Engineer: 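Sending over a structure as structure tokens; questions will come in a sec.
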Amino acid sequence: MSEFKSEFLKVLSDRGYIHQISDPQGLDALCSKETVTAYIGFDCTAPSLHVGSLVQIMMLYWFQQTGHRPIALMGGGTTRVGDPSGKDESRKMLTPDLIEDNKAGIKRVFEKLLTFGDGPNDAVMLDNADWLLSLNYVDFLREIGRHFSVNQMIQRDSVRLRLEREHHLSFLEFNYMLLQGYDYLELYRRTGCRLQMGGSDQWGNILSGTDLVRRLESVETFALTSPLLTTASGAKMGKTADGAVWLNEEQLSVYDYWQYWRNTEDADVGRFLKLFTVLPMPEIDRLAALEGSEINEAKKVLATEATAMLHGREKAEGATETARKAFEEGQTAAGLPTVEVSSGELENGLGVLTAFVLAGLCASNGEVRRSIKGGAVKVNDLGERDDKRLLSLQDVTADGIIKLSLGKKKHVLLKPV
């Protein structure tokens, strides 16, 4: 167990969130004696965050649960520049309107996991566009730029790795570190923020901010990062063969989100229960100790609890029941992802290849053919071996759907309209 005195750092340490802290004793003492304000920044590069951002969101969650005030900082300004951290090429430039649309989608995640308001430890949502977009360039260089050493900047991992690989690094991206450091200074001045958290790839950027606040305000602020999260097999969190695991229901169904966690590798179950659920540690230890086929029960608990955190208990239980019906009883389950198809298409005959591509189960006709040859394709739970098969209205079940299955775990319902 952790040697920290503050409840916040005890929780983070026991659950595996901590990679580095700039001054562990100093931060522990600060969190023990007063309500601290901390922030994490999220750039608005997509209409939703994905599972790769969930560790940081959970850090803000536990920060609030242990009595402190979290700030979710939207990167309405920094998104226009692009963070080079962990990337080999420049970020695509987004229009201001698209950034605003993305920001609106991202906000919905935080509303589910944090409590916002005016209380001493109620969460705050700010946007760095409020101060970055009005900066005067020459004034910014004189006040802020003179405190940054280019010698140090090129040694930061986000810059050094790009240069070592001889990949293009624009002057625009090189400025990102200055802007992130300025965010920390601005948040200290506006809210008294003393802690910035983020992923391990943000360590250099965060330290630039702590250094800037110390130089201009003569105050010690702190940096805390979480480890870069990969699965036991080395895969990056938040990505699957089918694409990103989005946190918004508009981008990924609750059922598919549940399935993502249900398919966790055996070796990751205990670690993910600590990071992505709020179950008590003794219960997590019990589940993590299960072996053989019993580990599947722990995976179902992980899937249901992680889904409940994001989408609510009712939807999580619904996804659990849908999975039980689909996989344990072999029934058609109404909660499965549904794709509408015109009745006219079925009257004329809808090719099985087209149907599986339309349902998003395969990317191309060729992939469907290979899956049929491999015995992975089912229609209404019956194996399909004919790649020229035409689906018709006669295939519509009493439930008013046609169930398409790829392997044991991917199912989509075609619904005639």
Side-chain angles (χ1 to χ4, degrees), residues 6-12 15-18 27 31 34-76 78-79 100 102-130 183-184 186-188 190-199 202 206 222 224-226 229 237-238 245-252 254 257 274-279 305-316:
S6 65
E7 187 183 359
F8 171 61
L9 289 181
K10 281 182 183 177
V11 169
L12 257 60
R15 288 183 173 263
Y17 287 100
I18 298 175
L27 181 59
C31 290
E34 63 184 75
T35 300
V36 181
T37 300
Y39 88 97
I40 302 178
F42 300 87
D43 279 347
C44 312
T45 55
S48 168
L49 298 173
H50 59 65
V51 163
S53 300
L54 197 52
V55 167
Q56 280 70 56
I57 300 172
M58 289 299 295
M59 288 163 76
L60 290 178
Y61 169 85
W62 285 115
F63 193 64
Q64 183 169 47
Q65 293 300 309
T66 54
H68 301 287
R69 181 171 67 152
I71 297 176
L73 180 67
M74 298 293 101
T78 43
T79 304
E100 285 300 309
N102 289 345
K103 185 170 69 175
I106 289 171
K107 281 182 175 181
R108 292 200 292 275
V109 174
F110 294 96
E111 291 165 356
K112 296 176 181 179
L113 292 167
L114 301 177
T115 301
F116 291 86
D118 299 321
N121 82 313
D122 282 341
V124 178
M125 184 170 286
L126 298 173
D127 184 349
N128 61 19
D130 291 345
D183 281 346
Y184 205 164
E186 193 70 26
L187 287 172
Y188 170 75
R190 290 176 179 233
T191 70
C193 181
R194 298 282 300 276
L195 172 63
Q196 182 183 172
M197 299 183 286
Q202 293 297 312
I206 299 175
F222 300 89
L224 187 159
T225 59
S226 60
L229 204 59
M237 281 294 294
V245 183
W246 300 108
L247 300 183
N248 283 1
E249 191 175 348
E250 293 84 354
Q251 279 73 41
L252 186 74
V254 175
Y257 188 77
K274 292 177 184 178
L275 292 171
F276 302 114
T277 80
V278 295
L279 289 174
E305 294 301 317
T307 303
M309 284 289 296
L310 188 65
H311 295 295
R313 180 65 56 183
E314 184 177 346
K315 288 184 177 180

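This is a predicted model, so every value here is computed, not measured.
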Engineer: Testing the basics here: between Ala308 and Ala316, what is the closest heavy-atom pair and its distance to 0.1 Å?
Structural biologist: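 The pair with the smallest heavy-atom distance is N-CB, 3.5 Å.
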Engineer: Are Phe110 and Phe116 close enough that their ring centres sit under 6.0 Å apart?
Structural biologist: no
Engineer: If you compare all heavy atoms of Leu252 against all heavy atoms of Val245, which two are closest, and at what distance to 0.1 Å?
Structural biologist: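 Of all heavy-atom pairs spanning Leu252 and Val245, the closest is CD2-CG1, 3.7 Å.
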Engineer: In residues 63-76, what donor-acceptor pairs under 3.5 Å come from side-chain atoms, sequence neighbours left out?
Structural biologist:
from: Gln64; atom 1: OE1; to: Thr115; atom 2: N; distance (Å): 3.0
from: Gln64; atom 1: NE2; to: Thr115; atom 2: O; distance (Å): 2.8
from: Gln64; atom 1: NE2; to: Asn121; atom 2: O; distance (Å): 3.0
from: Thr66; atom 1: OG1; to: Trp62; atom 2: O; distance (Å): 2.8
from: Thr66; atom 1: OG1; to: Phe63; atom 2: O; distance (Å): 3.2
from: His68; atom 1: ND1; to: Val36; atom 2: N; distance (Å): 3.0
from: Arg69; atom 1: NE; to: Thr37; atom 2: OG1; distance (Å): 3.0
from: Arg69; atom 1: NH2; to: Thr37; atom 2: OG1; distance (Å): 3.1
from: Arg69; atom 1: NH2; to: Thr191; atom 2: O; distance (Å): 2.9

Engineer: Output the distance between atom CG (Leu60) and atom CD1 (Ile40), rounded to the nearest 0.5 Å.
Structural biologist: 3.5 Å
Engineer: Between Asn248 (side chain) and Arg108 (backbone), is there a donor-acceptor pair under 3.5 Å?
Structural biologist: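 A pair under 3.5 Å: no.
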Engineer: Evaluate side-chain contact (heavy atoms from CB on, under 4.5 Å) for Leu224 paired with Leu9, printing each intermediate quantity in order.
Structural biologist: CA-CA 10 Å; Leu224 187 159; Leu9 289 181; 3.7 Å; yes
Engineer: Residues in salt bridge (charged side-chain N to carboxylate O under 4.0 Å, His left out) with Glu314, at least two apart?
Structural biologist: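 By the salt bridge (charged side-chain N to carboxylate O under 4.0 Å, His left out) rule, Glu314 matches no residue at all.
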Engineer: Quick one: do Glu186 and Arg190 make a salt bridge, cutoff under 4.0 Å?
Structural biologist: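 A salt bridge links Glu186 with Arg190.
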Engineer: Of all the heavy-atom pairs spanning Cys44 and Lys103, show the shortest one and how long it is.
Structural biologist: SG-CB, 3.8 Å
Engineer: Quick one: does any side-chain atom of Ser48 pair with a main-chain N or O of Trp246 as donor and acceptor, under 3.5 Å?
Structural biologist: no
Engineer: Any side-chain to backbone donor/acceptor pair from Asp43 onto Thr45? Under 3.5 Å, distance only.
Structural biologist: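 Checking the backbone N and O of Thr45 against the side chain of Asp43, no donor-acceptor pair under 3.5 Å is found.
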Engineer: Return the minimal non-hydrogen interatomic distance between Tyr257 and Ala306, and the atom names on each side.
Structural biologist: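 Taking every non-hydrogen atom into account, CE2-O, 3.9 Å.
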Engineer: For Arg15 and Thr277, work out which heavy atoms get closest and say how close.
Structural biologist: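 Nearest heavy atoms, Arg15 then Thr277: NH1-O, 3.1 Å.
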Engineer: Between Glu305 and Arg313, is there a salt bridge with N-O shorter than 4.0 Å?
Structural biologist: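 Yes, charged N to carboxylate O under 4.0 Å.
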Engineer: Would you sort out whether Met309 and Leu113 count as a side-chain contact (heavy atoms from CB on, under 4.5 Å), showing the intermediate values?
Structural biologist: CA-CA 7 Å; Met309 284 289 296; Leu113 292 167; 3.7 Å; yes
Engineer: For the atom pair CD1 (Ile106) and CD (Glu111), what is the distance rounded to the nearest 0.5 Å?
Structural biologist: 12.0 Å
Engineer: How long is the straight-line distance from OG1 of Thr35 back to CZ of Arg194, given to the nearest 0.5 Å?
Structural biologist: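 Reported to 0.5 Å precision, the distance equals 13.0 Å.
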Engineer: Applying the side-chain hydrogen bond (donor to acceptor under 3.5 Å, both in side chains) test to Gln196, which of Tyr184, Tyr188, Tyr39 qualifies?
Structural biologist: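 One option only clears the test, and that one is Tyr39.
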Engineer: Do you know the tightest heavy-atom contact between Gln56 and Gly198?
Structural biologist: NE2-C, 3.8 Å
Engineer: When you look at Leu310 and Val254, which way does the side-chain contact (heavy atoms from CB on, under 4.5 Å) test go after all the steps?
Structural biologist: CA-CA 9 Å; Leu310 188 65; Val254 175; over 6 Å; no
Engineer: What verdict does the side-chain contact (heavy atoms from CB on, under 4.5 Å) test give for Ile206 and Phe222, after you've listed the backbone C-alpha separation in whole Å, the side-chain angles of each residue and the deciding distance to 0.1 Å?
Structural biologist: CA-CA 8 Å; Ile206 299 175; Phe222 300 89; over 6 Å; no
Engineer: For residues Met197 and Ser226, determine if any side-chain heavy atom of one lies less than 4.5 Å from a side-chain heavy atom of the other.
Structural biologist: no
